[in-house]
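A short write-up of the structure that comes next.
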Amino acid sequence: MQKFIVNGGKKLKGVIEVKGAKNDALVIFAASLLISKPVIVSNVPEIEDTKRLLELIEKMGGKVERIKYGEYKIKANNLKTYLIDPEIAKRIRASILLTAPLLVRLGKVKFPHPGGCVIGERPIDQFLDGYKNMGARVYNKRSLYEIIAPRLKGTEFVFNNITVTGTESLVMAATLAKGRTVLKNCACEPEVKSLADFLNSCGAKITGAGTPYITIVGVDKLRGGVHRTIPDRVEAGSFMILAAATNNKIVIKNCEPGHLDSLLSSLKKAGVNLKVKKNCIEVIPLRLNSVNIKTHEYPGFPTDLQAPFCVLLTQSKGSGLVHETIYEGRLMWTEELKRMGANIHMYDPHRIEIKGPTKLRGREIESPDIRAGMGYLIAALCAKGRSTINNVYQIDRGYEKIEERLRKIGADIKRI
Ligand code: EPZ
């Protein structure tokens, strides 16, 4: 099990480049299984989750070719099984994104309850209700779900919980269903709009993606296409918070500021000076004062940036309330932060108060999931002394070669 050794408190400066969005690349890979012609995806982050999903696609019979660094060609003209490999599916929640394409192409799909980050219960009832609404039959046998649908038909469906992968899955299912589908209370994340833009470029008829109301008119088949993965807003936001929390001037390049309005607003309120340009943001920290944040579906404050922002609040003057509304288990990681010296009080699983500024001290920590892992990494860079971060596979799931990119801006970090 690899680990990072970090000596914190070093001066950081320079430029850090943002990679393609993990949660965009993953859904486009899945969407390519709807199509029997080749699909080329570029600007793909070379991370564990993208490699795992491509492995899964190959196991299903999809042909995957790595054209060059960050660019892949996928050809799914002879899918040979409807079973999603349980061993891989248990390690990555995004495996659920394969259910719609397999159901559409093969009329059947079998899969385990998806695994991934342990941040909350993460049900899949919205997926199952949606498929049933479109005429599928759903069975749950010996811990495997089995869904059967000769041909899905268009429907009207209202999500009772906003889910990004749920929205993406029903959009994919409806793209080749018979008739018209109207989805309501959809996720509005940029990755949903990016998926619709890609599918429309392949001949789909999707309108309203990026808003709570999406209409899809089913077509008979889709042609191949190309897609450039959008910049990873969570990676960009993590680096902005890193600069502010460690009080260093850093330029974040190849990002899309328009996807980060909520974070930009919170950082400005916290006293951070930001120079926002077309696809880069310069962070010039001044004195940090505490602010309250409440995570919310897009365009609200992203739950995936809650962990990094908590670290910033340990370095801010005053008291900040963090209200994590999406997941009931996503604040547990702050227990370890307290052992590094943070002054945190948990009112309930969804609400903590962080008082600052406090000096953080390096220590040995374990990454429980992707974003908490990044939180610990930022805390270690703020802390005086040496930290050991274990289980860095979790960080590698979402951040490509993170220690090399941090070393380039002056961090004292090495992987062993
Ligand atoms: C996406 O997951 C992201 N993953 C997550 O990023 C992100 O945290 C999340 O959106 C919220 O922004 C991908 O895109 C691959 P959910 P999503 O777990 O929307 C409820 C990361 O680190 N729900 O499905 O698929 C659920 O309980 C990951 O990159 C249902 O009730 O998230 C939760 O409250 C972590 N029924 C909310 O919706 C369902 O059937 C979001 O849930 C599905 C979900």
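Atoms within a ligand are numbered from 1 in the order they appear, just like the ligands themselves. What you are looking at is a predicted structure, and each value in this text was computed from that prediction instead of being measured.
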So is [X] polar-close to ligand 1, meaning N/O to N/O under 3.5 Å?
X      : answer
Gln126 : yes
Lys22  : yes
Ile370 : no
Ile326 : yes

With a 4.0 Å heavy-atom cut-off (strictly under), which part of [X] contacts ligand 1: side chain, backbone, both or neither?
X      : value
Thr163 : both
Tyr327 : side chain
Asp125 : both

For ligand 1, which atoms have a heavy atom of [X] less than 4.0 angstrom away?
X      : answer
Thr165 : 13 (C), 14 (O), 15 (C), 17 (P), 19 (O), 24 (O), 25 (O)
Phe127 : 40 (O), 43 (C)
Asn161 : 30 (C), 31 (O)
Ile124 : 39 (C), 40 (O)
Thr303 : 8 (O), 11 (C), 12 (O)

Note: [X]-[Y] ion pair, threshold 4.0 Å (strictly below):
X      : Y      : value
Asp304 : Arg330 : yes
Lys22  : Glu235 : no
Lys108 : Glu146 : yes

Sidechain-backbone polar pair: Asp85 side chain, Leu56 backbone, donor-acceptor under 3.5 Å: no
Under 3.5 Å: donor-acceptor pair, side chain of Asn248, backbone of Val283: no
Minimum non-hydrogen distance to atom 41 (C) of ligand 1, winning option of Ile96, Ile162, Thr295: Ile162
Option of least heavy-atom distance to atom 35 (C) of ligand 1 (set: Arg93, Arg330, Glu235, Arg371): Arg330
Heavy-atom gap His296 to ligand 1 smaller than 4.0 Å: no
Close approach of Gly398 to ligand 1, heavy atoms, under 4.0 angstrom: no
Verdict with supporting geometry, Ile84 and Met60, side-chain contact (heavy atoms from CB on, under 4.5 Å): CA-CA 7 Å; Ile84 299 178; Met60 321 297 300; 4.0 Å; yes
Heavy atoms of other groups near Arg363 CZ, more than 12 under 6.0 Å: yes
Arg386, CZ: over 12 other non-hydrogen atoms inside 6.0 angstrom: no
Point-to-point distance, once rounded to the nearest 0.5 Å, from OG of Ser319 to CG of Asn292: 7.0 Å
Euclidean distance, Arg371 CZ relative to Tyr376 OH, rounded to 0.5 Å: 15.5 Å
